[in-house]
Structure formats: C-alpha cells, structure tokens
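A short write-up of the structure that comes next.
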There are 2 protein chains.
Amino acid sequence: MNKVTHQTIRQSILERIQKGEWALGELIPGEAALAEEYGCARTTINRALQGLADEGLVVRKRKGGTRVCNMPVRQARFDIPIVREQVEAFGGHYRHQVLRKVEKVPPLSIRTRLGLEKGAKALQLDTVHLADGRPFAYEARWVNLKVVPQIRSAPFDEVSANEWLVQTVPFSSGDVSFSAVAAGKDVASALECKEGDALFVIDRTTSLAGEFVTTMKLFYREGYQLYSRL
Amino acid sequence: MNKVTHQTIRQSILERIQKGEWALGELIPGEAALAEEYGCARTTINRALQGLADEGLVVRKRKGGTRVCNMPVRQARFDIPIVREQVEAFGGHYRHQVLRKVEKVPPLSIRTRLGLEKGAKALQLDTVHLADGRPFAYEARWVNLKVVPQIRSAPFDEVSANEWLVQTVPFSSGDVSFSAVAAGKDVASALECKEGDALFVIDRTTSLAGEFVTTMKLFYREGYQLYSRL
DNA sequence: CCTTTTATTATGTGTGTACATATAAATATG
DNA sequence: CATATTTATATGTACACACATAATAAAAGG
C-alpha cells in the first residue's frame, strides 16, 4: 500500500484519465469527494489537481468543477540551448569566432524589434560557433547599446556574446520562434554548406523590464534536430 | 499596498532576482526569513518558491537552502499543435485529404521506432492538410495496428488521423523533435512547392503505457514558424 | 588525521480550518 | 418570457501546526 501523497494521488488520477475512466471534457469528482475516496485532506487533492491543471491535463473552474481537458494539446518543454553546452554535451571541442562586430544603424526590421529610435545605432555581432573546428551554428545578433553599453568592452575572445549576455542580464524574458530557411550566401559561407541548404533556425528576442536587449538568429548546420520528450 | 499572496510574493522575488539582488548561484534567504519579511506564513513562501523552482529559476535543496539557478537555461513551452486548430486559428478554412492508406511492412527505421517484429505490417497514412484549399502541411504517418486496430474502420473523410488518434488514445506520452529538411519529390508535389525548398518538420512518436502507437513526420509549407513566449 | 555517528537545519508535505471568489443554478422581478 | 438578483457550491488561497526527509555540520571514536 502506497503512502497517500499529493504526488501519488496525482499519478493515480492521471492513470485514471489515461485509462478513460472519464471521457474527454467530462466532469471528474469534486475535491471533497476525491478527498474522501483517497482518505486525505481536501488540500492534498487540491494540490494534485492543480498540478494536473498546470500540465494542461484538466481544466478547473470555480463552481464549474474539474473536467478532463477536451482539447488535449500536449505541451513540449524545450531548453533553449547555449551553443557551447550543446557542443560539449556531445563531447566536442567548442570554439567560436567573431566574424563581425560593428556599431551601426540597423535595418528597419531590427529597429522595430529592439524598439530603437530612428537613426540610433546598435551593435551588430556575427559569430560562428565551431565544434571540433567544424562550423556548428552561425549567430547573427543585434544588441541594444542603450540597455547594455558595457558590451562594448566585453572580452569576446573568451566568451561568446550569448554567454556574456546570459551572465550579465540573466532571467530576462522574451520570445522564440523556430523555423526552416534556405541558407543564404553569408550563412552558407560561414557554415561551409551549400547555398540553399535547409537550415534549422532559432529566432530569439530578449527583453528585460520592458526594454529590448537583443535579438538574434541562430542558424544550425544541416541535419540539426531539437529534441524533447513530452 | 498589494495583498500578500503566493503570486505577488513569487513575482516580487522574481523581480529581485532579475534586478540582481542575489548573484547567480547565490543562496537566497530561507523560507522562515522571507516569511517574516513579507509578513506571511512559511507555507505561502514555500508555494512561491516552489513555483519559481518549477520554472527553473531557483534550485532548492533540503538543508542546502534555495539558490538562484547558476545555469539560467530558459525553457520554452510549446503547444504541440493540431493542424486543424492552427489553420482555424488564422481564420482559414480547414480541409484534409488522404493521399495514401495502405497496410504494409514498414521500412526498418519505422519498424524499430514502433517496436514491431520483423515482417509485421503497419498502417501507412499520408495526408495533406489544406488551408483555404492551399496545401498547409503534409503528414507522413505510420500506425501500430496491434495497439489501435480500430483505426482500420475510422472515418478519415471526416476527421484526420491526427484528430482520430487524439480522440481515441488521448494523453499518451512520447517525444518530438524539430528540424529543417529540403523538400523531397513526394513532399514537394503534395505541398505544391519546389523540390529542395526548406521545410520545417515536426517528428513525433507517441506511446501509451509502454507501447508505441504511432510515429509521424509533419512537413509544413515554406515560411512556417513555430512561436512561443518564454 | 580520518572515519563514523549524531545533531542540526531548511525544505517537503499532510491536516484541519477559515474565508475568498467565481459562477452555475435557482429565484424573484419587470 | 426575458432579465435581474440571489443563493448555493466548487475551487482558490492563507494560516498554524506537526512531522518527514535529506544533507550538512559538528561531535565522537578509532
């Protein structure tokens, strides 16, 4: 006989849902009823159900009760990777090389992304990340100098822009998108691949307290896969 | 003055972390101390910190205390989409078309993925998803007939294989991976794009109670982006 | 000095209670 | 009959308390 904890209850209810004890969208017993059934306090059931709700398996509503989610869209959690760690995780030797580092007025698309005024300069930073000497990913980045002016004197021969920013402005929020693009001329030459090759791209914009810090496109070499369990 | 709830406390602590009040990897005050500071019960602080721990912002250890995560790898949560809903979310008219539906012995790569015996047949199902009549995504799927034999008689003129499976074996687990590939001949003709175009691909394998149910590759038409806030 | 044992301590979790809040359902009102 | 108001109810949340558990630090033993 297992101990009755919010974890075991959560697992148990999950299994009952998977077995089909309650149909999609159907109401499951209330907290009070489940508490009696499992022989525990309502608080404990509440925690278990909240957990399932966080994962999107059930939907809860005051007075409405708890029901099995009728639109079971499973969520995948991805770790947005730091390239160095990716490379080293595969046992490769990591190195990076700054291809361009200039302050200049960015194109409109970048300007609006970073929320810059017309004519304001930003730092353009292009880096190639190498695994065992071979190009692994190409990073095209723009940095908002108003927010992180210290980046001008950052030692980019030691750490990559990515890592420097993670250290300096950690826990920033933002958005990511994944897509596929055909390699352009610059990217192809940096990654030593053919123009037009299908590349996996992570597009990421980072902001801190309402201010946009940096926006970046990361082009992975051909064949790269981003993997996750769900 | 805001009410003191686990939510407001959580937000407050998050901001203090972002402001850099505690360095990366540094110990933050214990629950008891914070409870006194915020003037609430320890239970409430516990909930706030647990929440931050779930999001990967802090690491907690018994006796060791709570410390700011020193490896701030932000996680992105993605909803693994159902194509119909994606199309309809953009206001498009959804329709799908089954291009192939045959039972046959799958190639080795699929066989191992589904955990089938040598010579066992599986259902091959190729579908094209259309938005306003235009190809939106191409789905190449294999289904394990041992686990879901009922699929033979599923009404695929009404619902897509994806939806049928979601309805029939909901809340299954599995894995996903994202990548970019160049469109092959079949895919190109189904999506009405050029061969070699860079396509975004979701590769998904689903299992239920240790048995593999189905594996699928979903090729999106050019330009598709998968987006998420973090 | 090193190893083993024993506190000590911060988090983890369950309980019972009380009250807050949203909302569905029932009732009163025009 | 439609609309506004009230009531009942399930979840949401805070609290005080007790004990469990893991991991570190201190003490004891060799």
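Numbers restart at 1 for each chain; the letters A, B, ... are given by sequence-line order, proteins then strands. Predicted model only: the values in this text are computed from it and were never measured.
Sorted by residue number, the members of residues 41-54 of chain A with any non-hydrogen atom under 4.0 Å from DNA chain C read A41(A), R42(A), T43(A), T44(A), R47(A). Contacts of residues 22-37 of chain B with DNA chain C (heavy atom under 4.0 Å): G30(B), E31(B).
We find that R77(B) and E55(B) are not joined by a salt bridge, their nearest charged nitrogen and carboxylate oxygen being 4.0 Å or further apart. A salt bridge between E21(B) and K19(B) is absent, with no side-chain N of the basic residue lying under 4.0 Å from a carboxylate O of the acidic one. Classification of R113(B) and D203(B) as a salt-bridged pair holds, one side-chain N sitting under 4.0 Å from a carboxylate O.
In this pair, Y224(A) and F136(A) present their aromatic rings perpendicular. The plane angle is above 60°, beyond the 30 to 60° band. The aromatic rings of F219(A) and Y138(A) are tilted relative to each other, their planes meeting at an angle between 30° and 60°.
For T66(B) and dA10(C), the shortest distance from a side-chain N or O to OP1 or OP2 is not below 4.0 Å.
When each of K63(A) and C40(B) is assigned the nucleotide of DNA chain D with its nearest heavy atom, K63(A) is the one assigned upstream, toward the 5' end. Heavy-atom nearest nucleotides on DNA chain C were determined for K61(A) and for T5(A), and the one closer to the 5' end corresponds to T5(A).
In this structure, CZ of R62(A) is placed 8 Å from C1' of dT13(D), rounded to the nearest angstrom. For the pair I13(A) CD1 and dT11(D) P, the interatomic distance rounds to 11 Å; values are reported in whole Å. Remark: C1' of dT11(C) and CZ of R67(B) are 13 Å apart, rounded to the nearest angstrom. As a whole-Å value, the separation of R10(B) CZ from dA14(D) P is 12 Å.
Tested against T66(A) for a side-chain hydrogen bond (donor to acceptor under 3.5 Å, both in side chains), the candidates R60(A), E31(A), K61(A) yield a single pass: R60(A). Considering T215(A), V176(A), T214(A) in turn, V176(A) is the only one that fulfils the side-chain contact (heavy atoms from CB on, under 4.5 Å) rule with R204(A).
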Mind listing the side-chain donor-acceptor pairs of residues 162-170 of chain A below 3.5 Å, one per line with the distance, residues two or more places apart or on another chain?
{"residue": "E163(A)", "atom": "OE1", "partner": "R84(A)", "partner atom": "NH1", "Å": "3.1"}
{"residue": "T168(A)", "atom": "OG1", "partner": "W164(A)", "partner atom": "O", "Å": "2.6"}

